[in-house]
K.L.:
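Take this structure, written in structure tokens, and hold onto it; I'll ask about it next.
By convention in this document, chain letters (A, B, ...) are assigned in the order of the sequence lines, proteins followed by strands, and residues within each chain are numbered from 1.
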2 protein chains.
Amino acid sequence: MVPADDRVKKPGMRSVWLDAKVPRGSGGGARKGDPDSGLDREKITAATVALLDAEGLAKFSMRRLAAELGVTAMSVYWYVANKDDLLELALDRVAGELSPPDPDDDTDWRVQLRRLAQSYREMLVSHPWTTGLLSRFLNIGPHMMAFSHASIEVMRKGGVPVERQGGAISAVFQFVYGFANSEAQFRGLAADAGLSVDELFRESMGLIAGEIEETELFRASSEIMAARGGGTVEEMYQRDFTYSLDVLIAGIEATRGGPAGAAEAPEVPGAPGA
Amino acid sequence: MVPADDRVKKPGMRSVWLDAKVPRGSGGGARKGDPDSGLDREKITAATVALLDAEGLAKFSMRRLAAELGVTAMSVYWYVANKDDLLELALDRVAGELSPPDPDDDTDWRVQLRRLAQSYREMLVSHPWTTGLLSRFLNIGPHMMAFSHASIEVMRKGGVPVERQGGAISAVFQFVYGFANSEAQFRGLAADAGLSVDELFRESMGLIAGEIEETELFRASSEIMAARGGGTVEEMYQRDFTYSLDVLIAGIEATRGGPAGAAEAPEVPGAPGA
DNA sequence: ACCTGAACACCGTTCAAGT
DNA sequence: ACCTGAACACCGTTCAAGT
């Protein structure tokens, strides 16, 4: 049959990770000519991540990627069934940066949770295209799975009862996802507008002030502005993130032995562990 | 000049909401012929929302929309500068479903917060295309702004000090965003696969079990499964959402008067109030 | 003031064909 | 086993032209 299409056709879930175990270009011996010229999934995935980092998801195309690889547009389809599969591979590749803790590490669970959250946030922010993709796939690649399971382990160490672990993980990592998404996107908007994040922040504030002016609503938002107390947007993000995590950890501790009736969310879809 | 292009060209932020106040098609008197045939922003936006709801963001195109409106592809550009502007309009239109509380309503702040969160979640889940767009724009449309300000007001009523209101809002609504996003997307995956959410959940669980089998990691995840106790995915989502909100509210109360050093996130970008 | 048609510079993917 | 070229059915947007 045609390249990379040896999967079952039955309707159901779709993911690269469910396909034939041995991907193209890693099978029969090295290339004949010069050894670096052969394509494989590894090289293609690496180039995809590089391109996504450099130009974003919107500008990424199979044709653009092929050009980068010095190859014709359709060569890539020998190694990868379609664009979505390639994006799944790219996603799990950067999930390799997550570095979940050693299961035998006996550091305080709160510290470990903070580290997991910070690490997830850093991945999302330094590869802004990830937030747009995480919700499109099942996220069952090896690195994602490792991260999910590390999250469960941390909650267990924190004494969260089994029926609540899913909920607690969801509260934390869905927050991180949303936070990092908005953070990354705001940086993107700033970059597009040719402004620093601080400049864009000031500009949008000024503009809102001009639009709704003297209303009650504006007074409230204005109070918050005043309380900001002269930090950079960067500092605001960090303080906000930290405080929100404090809220979550305090909340988890406070409800640890609370009333029954809370269970876990589906493990697989969306953000890790949720 | 050309249609809908009377904006300033200076680099900076871009948003429909920053354009000339009077949009095309609402100016000079009703249509000559039959009164229903004329296009305007209102009709176009409504058709856009309908199409996005029915077929999703991926299938939406200007040409498809024009066809729906019984008009040539390019007519739409008379009323709207480009696709992004139209999507911004669609987004704020469904944000009109959010129904923030009356500022004079003296219901307990926790109840009001739960209502805001539930209402936001419902909007995101019943219009799954919104999560993909919220992070792409500034979200400064009138309905979004109203929701943002209502969120601030609720935190104020909850006794959260001004410097923490932004962080608390961020913790809650970024969570809701992430949660609803993963919920909506999982429903979408199920629909694409022609399965119910329960079927897809079972199928993915079985599959993961088959893949990693006897490892320690799997044992942990397997324990959680066992603790699920026979609910539907629907019920799981609801319990999880509720428990997570409990965590957040308990956390907000616990840290209400806590240590200093936490401030708000930028008001404008991303999810409302964050 | 509003709408159209043709055109430009793109997409993802299929398919038959080359080596 | 791997790669190519041509083709299909699309995109968003511009521009000159119609009424």
K.L.:
Assign each of A:Arg63 and A:Ser75 to its nearest nucleotide of DNA chain D by heavy atoms, then name whichever residue's nucleotide is nearer the 5' end.
P.N.:
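Upstream on the strand: A:Ser75.
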K.L.:
Check whether B:Asp92 reaches the backbone of B:Ala95 with its side chain - one donor and one acceptor, N or O, closer than 3.5 Å.
P.N.:
no
K.L.:
When Watson-Crick pairs (N1 to N3 and N6-O4 or O6-N4) and G-U wobble pairs (N1-O2 and O6-N3) count only below 3.5 Å on both distances, what is the dot-bracket string of DNA chain D, with | for other-strand pairs?
P.N.:
||.|||||...|||||.||
K.L.:
Can you check the A:Asn82 CG to C:dC11 P distance for me, whole Å?
P.N.:
17 Å
K.L.:
Any sub-3.5 Å donor-acceptor pair from A:Tyr177's side-chain atoms to A:Thr131's backbone N or O?
P.N.:
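It does hold such a pair.
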K.L.:
Between the main-chain N or O of B:Gly38 and the side-chain N or O of B:Lys43, is there a donor-acceptor pair closer than 3.5 Å?
P.N.:
yes
K.L.:
NZ of B:Lys83 versus C1' of C:dC11: gap in Å, rounded?
P.N.:
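It is 12 Å, rounded to the nearest whole Å.
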K.L.:
What orientation do A:Phe201 and A:Phe186 show, parallel under 30°, tilted 30 to 60°, or perpendicular over 60°?
P.N.:
perpendicular
K.L.:
Between the side chain of B:Thr72 and the main-chain N/O of B:Met74, is any donor-acceptor distance below 3.5 Å?
P.N.:
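No, the answer is negative, given that no donor and acceptor are paired below the 3.5 Å cut-off.
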K.L.:
Do the side chains of A:Tyr79 and A:Leu86 get nearer than 4.5 Å, heavy atoms only?
P.N.:
no
K.L.:
Hey, does the side chain of B:His127 reach the backbone of B:Met123 with a donor-acceptor pair shorter than 3.5 angstrom?
P.N.:
no
K.L.:
In whole angstrom, what separates B:Arg64's CZ from D:dG12's P?
P.N.:
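Rounded to whole Å, this separation is 12 Å.
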K.L.:
What is the distance from CH2 of B:Trp78 to P of D:dG18, rounded to the nearest Å?
P.N.:
17 Å
K.L.:
Taking the minimum atom-to-atom distance to the side chain of A:Tyr79, which one of D:dC11, C:dC3, D:dC2 wins?
P.N.:
D:dC2
K.L.:
Would you mind reading off the distance between A:Lys43 atom NZ and D:dC2 atom P, rounded to a whole angstrom?
P.N.:
12 Å
K.L.:
Starting at CG of A:Asp84 and ending at C1' of C:dC11, how long is that distance when rounded to a whole Å?
P.N.:
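Spelled out: CG on A:Asp84 to C1' on C:dC11 is 14 Å.
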K.L.:
Rounding to an integer number of Å, can you tell me how far B:Met62 CE sits from D:dG12 P?
P.N.:
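Value for this atom pair: 7 Å.
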K.L.:
Measuring from B:Thr48:OG1 to B:Leu87:CG, what's the distance to the nearest 0.5 Å?
P.N.:
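With rounding to 0.5 Å, OG1 (B:Thr48) is 7.5 Å from CG (B:Leu87).
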K.L.:
Quickly work out the A:Met74 CE to D:dC2 P distance and round it to whole Å.
P.N.:
18 Å
K.L.:
Would you say A:Tyr77 places a side-chain N or O within less than 4.0 Å of OP1 or OP2 belonging to C:dC15?
P.N.:
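False: A:Tyr77 side-chain N/O out of range (4.0 Å or more) of C:dC15 OP1/OP2.
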K.L.:
Nearest to the side chain of A:Val71 - C:dT4, C:dC11, D:dT4?
P.N.:
D:dT4
K.L.:
Only one of B:Asp84, B:Val16, B:Ile44 forms a side chain to side chain contact (heavy atoms under 4.5 Å, CB included) with B:Leu89, so which one is it?
P.N.:
B:Val16
K.L.:
Residues from residues 47-56 of chain B sitting under 4.0 Å of DNA chain D, heavy atoms only?
P.N.:
none
K.L.:
Is any side-chain nitrogen or oxygen of B:Thr72 closer than 4.0 Å to OP1 or OP2 of C:dC3?
P.N.:
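For C:dC3, neither OP1 nor OP2 has a side-chain N or O of B:Thr72 closer than 4.0 Å.
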